[in-house]
Amino acid sequence: MKQLRKAMGCLWLVLALALLLPSVVPEAIPASRAEAASVKLSKTKETLTVGQKYTLSVKGTKAKVTWSSSNKKVATVSKGVVKAKKEGTAVITAKVGKKKLTCKVTVRGNYKAIYRATLEKGTITYSDRSGKRTAKAGSFALLDIDQNGVPELIVKDTEASGTFSSRYIYTVKSGKAVYCGTYNVRGDKYLYYNKKYKALYSWWWTNGVGGSGAQLFRLSGSAVKPYQYVWEGGESFGSSKWVYYYGTSAENCKKVSKSKYLSMVKKYFKGQKEYSFIDNTAANRMKKLG
(Lines give C-alpha, C1' and ligand atoms only; values in the text may rest on other atoms or scores of the structure.)
Protein backbone atom coordinates (compact mmCIF):
# COMPACT_ATOMS: atom_id res chain seq x y z
CA MET A 1 0.00 0.00 0.00
CA LYS A 2 2.87 2.33 0.85
CA GLN A 3 4.44 1.59 -2.56
CA LEU A 4 1.17 2.48 -4.32
CA ARG A 5 0.91 5.79 -2.49
CA LYS A 6 4.56 6.54 -3.36
CA ALA A 7 3.95 5.79 -7.04
CA MET A 8 0.85 7.98 -7.11
CA GLY A 9 2.83 10.83 -5.48
CA CYS A 10 5.46 10.66 -8.23
CA LEU A 11 2.75 10.70 -10.89
CA TRP A 12 1.15 13.85 -9.43
CA LEU A 13 4.60 15.52 -9.36
CA VAL A 14 5.20 14.77 -13.03
CA LEU A 15 1.76 16.12 -13.96
CA ALA A 16 2.34 19.30 -11.96
CA LEU A 17 5.67 19.93 -13.71
CA ALA A 18 4.05 19.33 -17.08
CA LEU A 19 1.43 21.97 -16.32
CA LEU A 20 4.05 24.48 -15.19
CA LEU A 21 6.46 23.91 -18.10
CA PRO A 22 4.69 26.08 -20.78
CA SER A 23 4.84 29.11 -18.48
CA VAL A 24 8.66 29.04 -18.31
CA VAL A 25 9.37 28.28 -21.99
CA PRO A 26 10.12 31.51 -24.00
CA GLU A 27 7.30 32.59 -26.28
CA ALA A 28 7.93 31.75 -29.93
CA ILE A 29 8.31 34.74 -32.31
CA PRO A 30 5.09 35.18 -34.29
CA ALA A 31 5.47 34.44 -38.00
CA SER A 32 4.25 37.94 -38.91
CA ARG A 33 6.91 39.57 -36.70
CA ALA A 34 9.70 37.40 -38.16
CA GLU A 35 8.54 38.26 -41.68
CA ALA A 36 8.48 41.99 -40.93
CA ALA A 37 12.07 41.88 -39.68
CA SER A 38 13.27 40.37 -42.99
CA VAL A 39 11.46 42.84 -45.25
CA LYS A 40 13.99 45.05 -47.07
CA LEU A 41 14.14 47.48 -49.97
CA SER A 42 16.52 46.57 -52.82
CA LYS A 43 18.27 49.97 -52.60
CA THR A 44 18.45 52.70 -49.93
CA LYS A 45 20.29 55.25 -52.10
CA GLU A 46 20.37 55.81 -55.86
CA THR A 47 21.56 58.50 -58.32
CA LEU A 48 19.73 59.04 -61.62
CA THR A 49 19.86 61.50 -64.49
CA VAL A 50 16.83 63.37 -65.79
CA GLY A 51 14.62 61.02 -67.81
CA GLN A 52 16.22 57.87 -66.41
CA LYS A 53 14.16 55.09 -64.81
CA TYR A 54 15.06 52.66 -62.04
CA THR A 55 13.05 49.80 -60.53
CA LEU A 56 12.98 49.29 -56.77
CA SER A 57 11.71 46.07 -55.22
CA VAL A 58 10.71 44.95 -51.73
CA LYS A 59 12.26 41.69 -50.61
CA GLY A 60 11.11 39.29 -47.91
CA THR A 61 7.34 39.63 -48.30
CA LYS A 62 4.48 38.98 -50.68
CA ALA A 63 2.23 41.54 -49.00
CA LYS A 64 0.85 44.57 -50.82
CA VAL A 65 3.29 47.48 -51.19
CA THR A 66 2.19 51.11 -51.32
CA TRP A 67 4.66 53.45 -53.04
CA SER A 68 5.04 57.23 -52.65
CA SER A 69 7.51 60.05 -53.39
CA SER A 70 8.35 62.98 -51.13
CA ASN A 71 8.89 65.24 -54.17
CA LYS A 72 7.02 64.29 -57.33
CA LYS A 73 8.60 67.20 -59.22
CA VAL A 74 11.99 65.52 -58.82
CA ALA A 75 11.03 61.83 -59.04
CA THR A 76 7.81 59.85 -59.34
CA VAL A 77 7.21 56.20 -58.49
CA SER A 78 4.63 53.66 -59.68
CA LYS A 79 4.73 49.97 -58.71
CA GLY A 80 8.36 50.42 -57.75
CA VAL A 81 9.44 52.09 -61.01
CA VAL A 82 11.13 55.41 -60.22
CA LYS A 83 11.30 58.05 -62.95
CA ALA A 84 13.67 61.01 -62.64
CA LYS A 85 11.93 64.27 -63.59
CA LYS A 86 14.27 67.15 -62.67
CA GLU A 87 17.39 67.85 -60.64
CA GLY A 88 17.11 67.54 -56.88
CA THR A 89 16.46 64.88 -54.24
CA ALA A 90 13.39 62.87 -53.33
CA VAL A 91 12.71 60.11 -50.82
CA ILE A 92 10.87 57.12 -52.23
CA THR A 93 8.85 55.24 -49.60
CA ALA A 94 7.57 51.68 -49.80
CA LYS A 95 4.95 50.97 -47.13
CA VAL A 96 4.29 47.34 -46.19
CA GLY A 97 1.66 47.11 -43.47
CA LYS A 98 2.89 49.43 -40.74
CA LYS A 99 6.53 49.25 -41.87
CA LYS A 100 8.05 52.00 -44.05
CA LEU A 101 11.14 51.46 -46.20
CA THR A 102 12.89 54.40 -47.85
CA CYS A 103 15.33 55.09 -50.67
CA LYS A 104 16.97 58.50 -51.18
CA VAL A 105 17.05 59.36 -54.89
CA THR A 106 19.37 62.08 -56.22
CA VAL A 107 18.56 63.33 -59.72
CA ARG A 108 21.19 65.02 -61.85
CA GLY A 109 20.87 66.93 -65.11
CA ASN A 110 20.95 65.34 -68.55
CA TYR A 111 24.72 65.21 -68.88
CA LYS A 112 24.68 64.27 -72.57
CA ALA A 113 23.02 67.48 -73.71
CA ILE A 114 25.13 69.56 -71.32
CA TYR A 115 28.44 68.03 -72.40
CA ARG A 116 27.51 68.21 -76.07
CA ALA A 117 26.84 71.94 -75.79
CA THR A 118 30.17 72.40 -73.99
CA LEU A 119 32.16 70.61 -76.70
CA GLU A 120 30.36 72.28 -79.61
CA LYS A 121 32.02 75.58 -78.69
CA GLY A 122 35.42 74.14 -79.68
CA THR A 123 37.07 75.64 -76.59
CA ILE A 124 36.61 75.14 -72.88
CA THR A 125 36.88 77.57 -69.98
CA TYR A 126 38.88 76.77 -66.86
CA SER A 127 40.53 78.57 -63.97
CA ASP A 128 44.08 78.70 -62.63
CA ARG A 129 46.14 81.10 -60.52
CA SER A 130 45.98 83.68 -63.31
CA GLY A 131 42.18 83.60 -63.38
CA LYS A 132 39.83 82.36 -66.07
CA ARG A 133 41.43 80.98 -69.21
CA THR A 134 40.46 79.03 -72.32
CA ALA A 135 41.90 76.01 -74.08
CA LYS A 136 41.16 74.14 -77.28
CA ALA A 137 38.81 71.18 -76.84
CA GLY A 138 40.84 68.92 -79.11
CA SER A 139 39.52 65.56 -77.90
CA PHE A 140 37.41 64.15 -75.08
CA ALA A 141 36.47 61.11 -73.03
CA LEU A 142 33.61 60.22 -70.68
CA LEU A 143 34.42 58.47 -67.41
CA ASP A 144 32.49 58.08 -64.16
CA ILE A 145 35.40 58.98 -61.90
CA ASP A 146 33.60 58.91 -58.54
CA GLN A 147 31.32 56.02 -59.64
CA ASN A 148 28.08 57.79 -58.74
CA GLY A 149 26.26 56.89 -61.95
CA VAL A 150 26.95 60.10 -63.91
CA PRO A 151 30.17 60.26 -65.98
CA GLU A 152 32.51 63.23 -66.01
CA LEU A 153 33.70 64.93 -69.19
CA ILE A 154 37.48 64.93 -69.60
CA VAL A 155 38.82 67.24 -72.28
CA LYS A 156 42.36 67.01 -73.66
CA ASP A 157 44.15 69.87 -75.38
CA THR A 158 46.58 69.40 -78.25
CA GLU A 159 50.04 68.19 -77.34
CA ALA A 160 53.48 67.62 -78.81
CA SER A 161 55.28 64.33 -78.30
CA GLY A 162 57.21 64.21 -75.03
CA THR A 163 55.73 67.39 -73.59
CA PHE A 164 53.24 67.89 -70.79
CA SER A 165 49.58 68.17 -71.70
CA SER A 166 46.56 69.07 -69.62
CA ARG A 167 43.32 67.19 -68.98
CA TYR A 168 40.38 69.38 -67.95
CA ILE A 169 37.60 67.73 -65.95
CA TYR A 170 33.93 68.76 -65.86
CA THR A 171 30.88 67.38 -64.09
CA VAL A 172 27.18 68.24 -64.08
CA LYS A 173 25.81 70.43 -61.30
CA SER A 174 22.61 72.51 -61.25
CA GLY A 175 22.05 71.83 -64.94
CA LYS A 176 25.48 73.11 -66.00
CA ALA A 177 28.92 71.78 -66.85
CA VAL A 178 31.07 72.68 -63.84
CA TYR A 179 34.86 72.83 -64.03
CA CYS A 180 36.41 70.49 -61.43
CA GLY A 181 40.13 70.90 -62.02
CA THR A 182 43.09 70.00 -64.20
CA TYR A 183 45.87 67.45 -64.06
CA ASN A 184 48.89 67.05 -66.33
CA VAL A 185 50.58 64.09 -68.01
CA ARG A 186 53.76 63.82 -70.04
CA GLY A 187 54.12 62.15 -73.39
CA ASP A 188 51.02 59.97 -73.16
CA LYS A 189 47.91 60.23 -75.31
CA TYR A 190 45.77 57.90 -73.21
CA LEU A 191 43.61 58.24 -70.12
CA TYR A 192 44.38 55.95 -67.18
CA TYR A 193 41.96 55.14 -64.37
CA ASN A 194 42.31 53.11 -61.17
CA LYS A 195 38.84 51.73 -60.43
CA LYS A 196 39.79 50.35 -57.01
CA TYR A 197 40.63 53.82 -55.68
CA LYS A 198 38.29 55.77 -58.00
CA ALA A 199 41.30 57.74 -59.16
CA LEU A 200 42.85 59.13 -62.34
CA TYR A 201 46.44 58.10 -62.93
CA SER A 202 49.29 60.25 -64.24
CA TRP A 203 52.98 59.46 -64.65
CA TRP A 204 56.04 61.30 -65.94
CA TRP A 205 59.81 61.25 -66.15
CA THR A 206 62.26 63.97 -65.17
CA ASN A 207 65.33 65.32 -66.93
CA GLY A 208 68.53 66.48 -65.28
CA VAL A 209 68.50 64.46 -62.05
CA GLY A 210 66.70 61.62 -63.84
CA GLY A 211 63.93 59.52 -62.42
CA SER A 212 60.17 59.22 -62.70
CA GLY A 213 57.00 59.85 -60.74
CA ALA A 214 53.31 58.98 -60.60
CA GLN A 215 50.23 60.61 -59.14
CA LEU A 216 46.62 59.62 -58.42
CA PHE A 217 43.81 62.20 -58.45
CA ARG A 218 40.31 61.76 -57.03
CA LEU A 219 37.08 63.68 -57.46
CA SER A 220 35.66 65.08 -54.22
CA GLY A 221 32.28 66.68 -54.87
CA SER A 222 33.11 68.88 -57.85
CA ALA A 223 36.83 69.32 -57.16
CA VAL A 224 39.81 67.31 -58.38
CA LYS A 225 42.21 66.63 -55.51
CA PRO A 226 45.59 64.85 -55.28
CA TYR A 227 45.35 61.47 -53.58
CA GLN A 228 48.67 59.57 -53.78
CA TYR A 229 52.13 60.55 -55.05
CA VAL A 230 55.46 58.74 -55.55
CA TRP A 231 58.77 59.78 -57.08
CA GLU A 232 62.22 58.24 -57.49
CA GLY A 233 65.32 59.85 -58.93
CA GLY A 234 68.81 61.22 -58.46
CA GLU A 235 69.49 63.09 -55.26
CA SER A 236 70.86 66.04 -57.24
CA PHE A 237 72.02 66.92 -60.75
CA GLY A 238 74.60 64.37 -61.87
CA SER A 239 74.30 62.38 -58.64
CA SER A 240 74.36 58.59 -58.79
CA LYS A 241 72.60 58.31 -55.42
CA TRP A 242 68.93 57.41 -55.80
CA VAL A 243 66.27 58.82 -53.44
CA TYR A 244 62.57 58.00 -52.98
CA TYR A 245 59.55 60.08 -52.02
CA TYR A 246 55.97 59.29 -51.04
CA GLY A 247 52.97 61.42 -50.03
CA THR A 248 49.68 62.82 -51.24
CA SER A 249 51.23 65.36 -53.63
CA ALA A 250 54.54 66.86 -54.73
CA GLU A 251 54.03 69.60 -52.13
CA ASN A 252 53.11 67.14 -49.38
CA CYS A 253 55.55 64.25 -49.55
CA LYS A 254 58.66 63.11 -47.71
CA LYS A 255 61.73 61.04 -48.33
CA VAL A 256 61.19 57.34 -47.59
CA SER A 257 63.13 54.12 -47.84
CA LYS A 258 63.22 52.16 -51.07
CA SER A 259 61.18 49.38 -49.49
CA LYS A 260 58.48 51.86 -48.41
CA TYR A 261 58.45 53.38 -51.87
CA LEU A 262 58.06 49.99 -53.55
CA SER A 263 55.34 49.04 -51.07
CA MET A 264 53.31 52.15 -51.92
CA VAL A 265 53.81 51.63 -55.65
CA LYS A 266 52.54 48.08 -55.32
CA LYS A 267 49.54 49.15 -53.22
CA TYR A 268 48.30 52.22 -55.11
CA PHE A 269 49.83 52.26 -58.59
CA LYS A 270 48.84 48.89 -60.03
CA GLY A 271 45.86 47.85 -62.11
CA GLN A 272 45.19 51.08 -64.02
CA LYS A 273 42.95 50.67 -67.06
CA GLU A 274 43.65 52.47 -70.30
CA TYR A 275 41.01 54.56 -72.08
CA SER A 276 41.23 56.42 -75.37
CA PHE A 277 40.29 60.00 -76.16
CA ILE A 278 38.30 60.67 -79.31
CA ASP A 279 38.53 63.74 -81.52
CA ASN A 280 36.02 66.47 -80.82
CA THR A 281 34.11 66.24 -84.11
CA ALA A 282 30.39 66.48 -84.82
CA ALA A 283 30.29 62.76 -85.70
CA ASN A 284 31.97 61.70 -82.45
CA ARG A 285 29.80 63.98 -80.36
CA MET A 286 26.72 62.43 -81.95
CA LYS A 287 28.08 58.94 -81.34
CA LYS A 288 28.82 59.46 -77.65
CA LEU A 289 26.31 62.12 -76.64
CA GLY A 290 23.46 61.84 -79.13
Side-chain angles (χ1 to χ4, degrees), residues 124 126-130 133 135 138-148 151-171 179-278:
I124 47 92
Y126 67 98
S127 301
D128 62 13
R129 295 177 180 177
S130 301
R133 305 185 66 177
S139 57
F140 70 95
L142 298 173
L143 180 65
D144 189 359
I145 301 171
D146 53 3
Q147 298 176 33
N148 69 350
E152 277 65 48
L153 172 67
I154 304 173
V155 180
K156 181 167 73 74
D157 61 4
T158 55
E159 60 185 289
S161 178
T163 63
F164 281 95
S165 67
S166 299
R167 278 81 192 273
Y168 308 95
I169 303 170
Y170 297 82
T171 193
Y179 173 68
C180 301
T182 303
Y183 74 103
N184 299 313
V185 299
R186 182 173 187 177
D188 204 314
K189 61 182 181 179
Y190 296 103
L191 172 68
Y192 293 94
Y193 178 69
N194 189 311
K195 186 176 181 180
K196 180 179 180 180
Y197 296 107
K198 302 179 184 179
L200 295 162
Y201 168 83
S202 171
W203 70 278
W204 64 93
W205 69 91
T206 57
N207 297 321
V209 296
S212 61
Q215 174 90 61
L216 291 180
F217 298 90
R218 300 181 78 178
L219 189 62
S220 177
S222 55
V224 175
K225 295 184 178 182
Y227 175 57
Q228 298 291 331
Y229 170 92
V230 289
W231 185 82
E232 63 172 344
E235 185 176 34
S236 60
F237 185 81
S239 173
S240 59
K241 184 179 179 181
W242 220 244
V243 291
Y244 306 89
Y245 287 85
Y246 165 71
T248 57
S249 66
E251 295 77 23
N252 185 20
C253 66
K254 62 181 180 179
K255 189 183 295 186
V256 296
S257 65
K258 182 178 181 180
S259 60
K260 174 70 173 181
Y261 166 84
L262 293 175
S263 175
M264 294 301 99
V265 168
K266 182 178 180 180
K267 180 177 180 179
Y268 292 107
F269 296 89
K270 299 292 184 181
Q272 286 75 229
K273 186 175 180 180
E274 178 183 287
Y275 295 84
S276 296
F277 286 91
I278 60 173

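This is a predicted model, so every value here is computed, not measured.
Distance alone, capped at 3.5 Å, places no donor-acceptor pair between the Gln228 side chain and the Phe269 backbone. Remark: the backbone N or O of Val230 is not paired with any side-chain donor or acceptor of Tyr261 at under 3.5 angstrom. A donor-acceptor pair under 3.5 Å is formed between the side chain of Glu152 and the backbone N or O of Ile145. Without hydrogens or angle criteria, Asp128 side chain to Arg133 main chain gives no donor-acceptor distance under 3.5 Å. Under a 3.5 Å cut-off, the side chain of Ser202 and the backbone N or O of Gln215 do not form any donor-acceptor pair.
Just one of Tyr246, Tyr244, Trp242 meets the side-chain hydrogen bond (donor to acceptor under 3.5 Å, both in side chains) condition when paired with Glu232; it is Trp242.
To the nearest 0.5 Å, the span separating CG on Leu216 from OH on Tyr183 amounts to 10.5 Å. Between the CZ atom of Arg167 and the NZ atom of Lys156 there is a distance of 6.0 Å, given to the nearest 0.5 Å. The structure places OH of Tyr201 at 5.5 Å from CD of Gln272, a figure rounded to the nearest 0.5 Å. Remark: Thr171 OG1 to Asn148 CG distance equals 6.5 Å, nearest 0.5 Å. How far OH of Tyr126 is from SG of Cys180: 15.5 Å, rounded to the nearest 0.5 Å. Expressed to the nearest 0.5 Å, how far CG of Leu142 lies from OH of Tyr275 amounts to 11.5 Å.
Between Tyr197 and Asn194 the shortest heavy-atom distance is N-OD1, 3.2 Å. Between Gln147 and Lys195, the shortest heavy-atom distance links the atoms NE2-O, 3.0 Å. For the pair Cys253 and Ala250, the tightest heavy-atom approach, listed with the atom from each and the gap, is SG-O, 3.5 Å. Scanning all heavy atoms of the two residues, the minimum distance from Lys266 to Lys270 falls at O-CG, 3.3 Å. Of all heavy-atom pairs spanning Tyr193 and Ala199, the tightest one is CD1-O, 3.3 Å. Contact record, Thr248 with Pro226: O-CB, 3.3 Å, taken as the closest heavy-atom pair.
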CA sep, side-chain torsions, deciding dist, call: Asn184, Ser166, side-chain contact (heavy atoms from CB on, under 4.5 Å): CA-CA 5 Å; Asn184 299 313; Ser166 299; 2.7 Å; yes

Start with the C-alpha distance between Leu200 and Leu191, add both sets of side-chain angles, then the distance that settles side-chain contact (heavy atoms from CB on, under 4.5 Å), and finish with yes or no. CA-CA 8 Å; Leu200 295 162; Leu191 172 68; 3.8 Å; yes

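The aromatic rings of Tyr227 and Tyr268 stand perpendicular to each other, their planes meeting at an angle above 60°, with 30° marking the opposite boundary. Ring geometry for Trp205 versus Trp203: interplanar angle of 30 to 60°, hence tilted. In this structure, Tyr245 and Trp231 have tilted ring planes: the angle between them lies in the 30° to 60° band.
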